[in-house]
Participant: 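The structure is given below, and queries will be raised subsequently.
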Amino acid sequence: MTNDAFQKFKDEVSDALRYALDGLKVDTPIVLDKAPEGMGDIAFPCFPLAKKLRKSPDAIAKDLAATIVPKGMIEKVSASGGYVNFHVMFDVLAKVAIDEALEKKDKFGSGGKKEAKVLLEHTSVNPTGPIHVGRARNPMIGDTLARILRLAGYDVTTEFYVNDMGRQAVMMAWGVKNLSVEGKPERERDDYRFVLNYQEANKRSEEDPSVKELIDEMLLKLEHGDPLVVKDVREACRKVLSALVETLKTINVKIDDFTFESKFVENKSVERIIAKLKQSEHTRESDGAYYLELESFGISGRETKWVFTRADGTSVYTTRDLAYHMDKFARSDVTINILGEDHKLAMQQLMAALSIMGVARKPEIIYYAFVSLPEGKMSTRKGIVVNLDDLIDEALDRAYEEVKKRRADLSEERMREIARVVGIGALRYNVVRIQPEKQIVFKWEDALNFEGSSAPFVQYAHARACSILSKAGEWSHEFDPKVLQNDYEKELAKTIAAFPSVIEECAGHRKIHVLAGYAQDLATQFNQFYRFVPVLKADGKARDARLALVEASKWALGNALYCLGIEAPSEM
RNA sequence: GGGCCCGUGGGGUAGCUAGGACAUCCUAUUGGCCUUCGAAGCCGAAGACCCGGGUUCGAAUCCCGGCGGGCCCGCCA
C-alpha cells in the first residue's frame, strides 16, 4: 500500500495516542498539530482534555508521554507546555521517502488509484473575443487542479462548456455576417477579428431598435433550431474557440473535451427538464413564462423567483446549464466547476432546481474573484481589457531580458526557450499561489515577478539540482540515511517526505494554492542545503547519500512544478 | 433594501473548515555573503491579525454589531 513515509508516521502517532487515551478512559478526537521548530515533528495538544480529566494540560501531556513507548517510526515522545511532542525516526523516514522518489521519478507524489471519475469543467468563457486577464484565473486554476487530482490518482477529464446559444453568440454571428468593421484587429486571428464585429453589433443594437429586432428574431430562430442560423452561430463560435485554444496552449493548458450548449436544446433534454420543473409545487406561471419561487431555498434579494422558461417557450441559460449538469452527472462520479463569483446566484438557483427535481447529486464549485484593473472591471463588450495574449508576450519579453543578463553564453534559440519556460511559469505561479476567492488588482510588476515567491525561484532550485547531478558521474543509489546528520539535510529530507501528503491534501480539499506554498518551501530548503552542504566535494558514503537527496529534491521540485503547469528546466 | 465573498507588517500573502506553545512567507527598506557544486541564491535587522462587544482557562480563527472593498439580485449569458 502506501509508501508515504510521513503519512505512516502520522498514522503510528494516532494509533499510539488512541491506545494511550483508551488507557485513560477518555474519548476525544485526535487532532495533530505541527510542532514548532526544535520541539519535534508532530504535536498533540492536551488542552481539550483538561476539563474532562480535571488535571492541568501539562500534567496530562506528561502522563501521556510517559505512557507511550516509542516504536516503529516514533523515535521519541516528550511533553512540553501541555503538548505531547512526537519525534520521527529520521533514518527510516529519509530512507523510505528518498528511495520512493528515486524509484518513482516523475510519478513521485502519486497516491493510490482512486475509483472516482472526475469531470472538471473550467474556462468556458464566451467565445466572443480573446481571453482577458480578468477571466484568466479560470484556466490556470482548473488546469492546476486537474494536474494535482491526476497525480493523486483520480481519473480526470477536463471540459469546456461552449456558450453557443445565447444573445452574445448571436450578436457576434450577426455582426460577422452583416457588418464590415473598419480598423485593424490587434492580431491576425479570428478571436481578435470577430470581437470587433461583436462590439460593433452591440453598439448598433443599442442605437438602432431595428437592429435589436433583427437580433431578437435571429435568437428566436436559433432557439427553434433554424438550420441556417444554427450554422452561422456555430461556425463563428468554433472559429473563435480554436483561436482561444491557441492561447491556452501557450500557458500549458489543454482541455480534453468541448460540449456545446446547443446540444441540450437539440437533444430535447432541456425540454424534458422544463416539463419536469413545471410539475413542481414551487412553480408559478406569469404571462406564459414559468418560474420557481425560491425564497424557501435561502435565496434572497429583490427577486427570489427564477424564470426557467420564457413566455415564448424557449429556455434560459441556467436551464440549459441544468441539462448540462444532468449530463455531467451521468458521465462522472464527481463534477467540479471553476466559476467566477458572478455565477454564485445562478448556481444557487441551479442547485435548488436539482433538489426540486429530486436529484441527489450536486456539483462542487470553486469560485474565484475577478482580476480587475486599477481603473475598474474588465469588459470584452466595452473593450476595456488587458488581453491574456498581451500579458504572455510581455512575460516572454521580460523573461528574455533576464535570461540575456545572466546567460549570454547560450544560443539565441536556447535563451528564447528558457525565457518562455520562465515567463509562462511566472505568470501561472502568480495566479495560482493565492486563494481563488481573494480579489486581485492587476499590476504588471506583480504579475511578472521573477524573484522570491515565484516560479523562477523554484525552477532555479530545480536547475541547480540538475547541475549537480550532471556533474556527479557514477554514484551508488544504495545510500545510508545515517550519514545525513546536519539540520539542512534533515529538514530537506523531511520536506521531500511530506510531498505525497501535500498532494493528497491539495487533491482532497481542492486547494491548489497550498501546493504553490509547498513548492516555495521546498525550494527554500533546497537552496539552504545547497549553500551550506557540499555535495560533489563530499567523500564516499556522504557523497552518495547527498546525491540521493539532491535527486529526490529534483523529482519533488519537478513534480510540484508540473502540477502547477510550470515546466522545470535543467538550466536557466 | 437584501444575500454572498474579502479585510493580517508600507505593499502582497499563509494560517480560519476541526480555537492553543514566540502568526507563515515574499516584496520594499536596511546591514552582510561570490578564491568551494550556478548570487534568479544565502544570512541578519526592523515592521502586521479593520473597529467594538461576546463565548472560553485561551480568539487571527467561533458568535453578534459596525466600518471599508468586491460580486450579485434580468423572460441576459
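Lettering follows sequence order; numbering is per chain, from 1.
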Participant: Roughly how many Å is it from NZ in A/K443 to C1' in B/rU27, rounded to a whole number?
Facilitator: 12 Å
Participant: To the side chain of A/R407, which of B/rC6, B/rG38, B/rC42 is closest?
Facilitator: B/rG38
Participant: Write out all pairs satisfying salt bridge (Lys or Arg N to Asp or Glu O under 4.0 Å) with one or both partners inside residues 288-317 of chain A, taking only residues at least two apart or from two chains.
Facilitator: A/E223-A/R310
Participant: Using whole Å, report how far NZ of A/K344 lies from P of B/rG70.
Facilitator: 15 Å
Participant: May I have the list of side-chain donor-acceptor pairs in residues 431-447 of chain A shorter than 3.5 Å, sequence neighbours left out?
Facilitator:
unit_1	atom_1	unit_2	atom_2	d
A/R433	NH1	A/N430	OD1	3.0

Participant: Could you run through nucleotides 72-77 of chain B and give me one letter per nucleotide, 5' to 3': B if any protein heavy atom sits under 4.0 Å from the base, S if only the sugar-phosphate is that close, - if neither?
Facilitator: SBSBSB
Participant: Starting at atom CG of A/N430, determine the distance to atom P of B/rG12, rounded to an integer number of angstrom.
Facilitator: 14 Å
Participant: Nearest of B/rA40, B/rG38, B/rU13 to any side-chain atom of A/V403?
Facilitator: B/rA40
Participant: Taking atom C1' in both B/rA77 and B/rG53, compute the distance separating them and give it to the nearest angstrom.
Facilitator: 44 Å
Participant: Base, sugar-phosphate or nothing for A/F532? Non-hydrogen atoms, less than 4.0 Å.
Facilitator: sugar-phosphate
Participant: Find the partner of B/rC62: check Watson-Crick (N1-N3 plus N6-O4 or O6-N4) and G-U wobble (N1-O2, O6-N3) distances, both under 3.5 Å, and reply none if neither fits.
Facilitator: B/rG54
Participant: Sticking with atom P, work out how far B/rG9 lies from B/rC51, rounded to a whole angstrom.
Facilitator: 10 Å
Participant: Looking at A/R510 and A/E364, is there a salt bridge between them, counting it only when a charged N and a carboxylate O are closer than 4.0 Å?
Facilitator: yes
Participant: Across all strands, who's sitting opposite B/rA40 as a Watson-Crick or G-U wobble pair, both distances under 3.5 Å?
Facilitator: none
Participant: Can you run down the side-chain hydrogen bond (donor to acceptor under 3.5 Å, both in side chains) pairs that involve residues 123-135 of chain A, sequence neighbours left out, and say none if there aren't any?
Facilitator: A/E121-A/S124, A/N126-A/N163, A/R135-A/D342
Participant: Mind checking who B/rC4 pairs with, Watson-Crick or G-U wobble, both distances under 3.5 Å?
Facilitator: B/rG70
Participant: Quick check on RNA chain B: between A/P534 and A/V514, whose nearest nucleotide comes earlier from the 5' end?
Facilitator: A/V514
Participant: Please check this pair: side chain of A/T319 against backbone of A/F308, looking for a donor-acceptor N/O pair closer than 3.5 Å.
Facilitator: yes
Participant: What's the gap between B/rU24 and B/rA14 when it is taken at their C1' atoms, as a whole Å value?
Facilitator: 5 Å
Participant: For B/rC34, does the glycosidic angle fall within 90° of 0 (syn) or outside that (anti)?
Facilitator: syn
Participant: What pairs of nitrogen or oxygen atoms, one from the protein and one from nucleotides 16-21 of chain B, lie under 3.5 Å apart?
Facilitator:
unit_1	atom_1	unit_2	atom_2	d
B/rG20	O3'	A/Y83	OH	3.3
B/rG20	O2'	A/Y83	OH	2.3
B/rA21	N6	A/N85	OD1	2.9
B/rA21	N1	A/N85	OD1	3.4
B/rA21	N1	A/N85	ND2	3.3

Participant: With sugar-phosphate meaning primed atoms plus P, OP1 and OP2, does A/V422 contact a base, only sugar-phosphate, or nothing at under 4.0 Å between heavy atoms?
Facilitator: base
Participant: Any salt bridge between A/E394 and A/R398, counting N to O under 4.0 Å?
Facilitator: yes
Participant: Does A/K62 have any salt bridge (Lys or Arg N to Asp or Glu O under 4.0 Å) partners at least two apart in sequence or in another chain, and if so, which?
Facilitator: A/D58
Participant: So that I can tick it off, tell me whether A/K34 and A/D41 are bridged by a salt bridge, with the cut-off set at under 4.0 angstrom between side-chain N and carboxylate O.
Facilitator: no
Participant: On a whole-Å scale, what distance lies between the P atoms belonging to B/rC43 and B/rG19?
Facilitator: 34 Å
Participant: Roughly, in whole Å, what's the span from CG in A/L469 to C1' in B/rG38?
Facilitator: 14 Å
Participant: Rounding to an integer number of Å, can you tell me how far A/Q528 CD sits from B/rG44 C1'?
Facilitator: 13 Å
Participant: Excluding sequence neighbours, so at least two apart, what forms salt bridge (Lys or Arg N to Asp or Glu O under 4.0 Å) with A/K377?
Facilitator: none
Participant: For B/rA48 versus B/rU13, give the span between their C1' atoms, rounded off to a whole number of Å.
Facilitator: 12 Å
Participant: Taking B/rG41 as the reference, what is the distance to B/rC5 when you measure between their C1' atoms (whole Å, please)?
Facilitator: 38 Å
Participant: Would you mind listing every salt bridge (Lys or Arg N to Asp or Glu O under 4.0 Å) that reaches into residues 521-532 of chain A, with sequence neighbours excluded?
Facilitator: none
Participant: Examine distances only and state if a side-chain atom of A/H87 and a backbone atom of A/V77 form a donor-acceptor pair shorter than 3.5 Å.
Facilitator: no
Participant: What is the distance from CD of A/E402 to C1' of B/rG38, rounded to the nearest Å?
Facilitator: 16 Å
Participant: Could you tell me which nucleotide pairs with B/rC75 by Watson-Crick or G-U wobble geometry, both distances under 3.5 Å, or answer none if nothing does?
Facilitator: none
Participant: Between C1' on B/rG11 and CH2 on A/W444, what's the gap in Å once rounded to a whole number?
Facilitator: 20 Å
Participant: Count the heavy atoms belonging to other residues, nucleotides or ligands that lie under 6.0 Å from CG of A/D287, then report whether that count exceeds 12.
Facilitator: no
Participant: So does A/E402 pair up with A/K405, basic N to acidic O under 4.0 Å?
Facilitator: yes
Participant: Name the pairs: protein N/O against N/O of nucleotides 24-26 of chain B, kept only if under 3.5 Å.
Facilitator:
unit_1	atom_1	unit_2	atom_2	d
B/rC25	O2'	A/Q520	NE2	3.4
B/rC26	O2'	A/S453	N	3.2

Participant: Taking atom C1' of B/rG41 as reference, at what distance in whole Å does atom CG of A/L557 sit?
Facilitator: 14 Å
Participant: How far, in whole Å, is B/rA46 from B/rC50 if one measures between their C1' atoms?
Facilitator: 23 Å
Participant: Less than 4.0 Å between a side-chain N and a carboxylate O, is that true for A/K554 and A/E551?
Facilitator: no
Participant: Taking donor-acceptor contacts at under 3.5 Å, does the side chain of A/Q439 reach the base of B/rG69?
Facilitator: yes
Participant: Run the salt bridge (Lys or Arg N to Asp or Glu O under 4.0 Å) test against A/K278 and tell me which residues pass, sequence neighbours left out.
Facilitator: none
Participant: Checking all strands, does A/A461 fall into the base, sugar-phosphate, or nothing category for heavy-atom contacts under 4.0 angstrom?
Facilitator: nothing
Participant: Are there over 12 heavy-atom neighbours, none belonging to A/K203, within less than 6.0 Å of that residue's NZ?
Facilitator: no
Participant: Report the residues that fulfil salt bridge (Lys or Arg N to Asp or Glu O under 4.0 Å) with A/R137, sequence neighbours left out, ordered by chain and then residue number.
Facilitator: none
Participant: By the 4.0 Å heavy-atom rule, please label A/V533 as base, sugar-phosphate, or nothing.
Facilitator: base
Participant: Tabulate atom names and distances for all N/O pairs under 3.5 angstrom spanning the protein and nucleotides 29-33 of chain B.
Facilitator:
none

Participant: Using the P atom as the reference point in each nucleotide, state the distance between B/rG74 and B/rC57 in Å, no decimals.
Facilitator: 48 Å
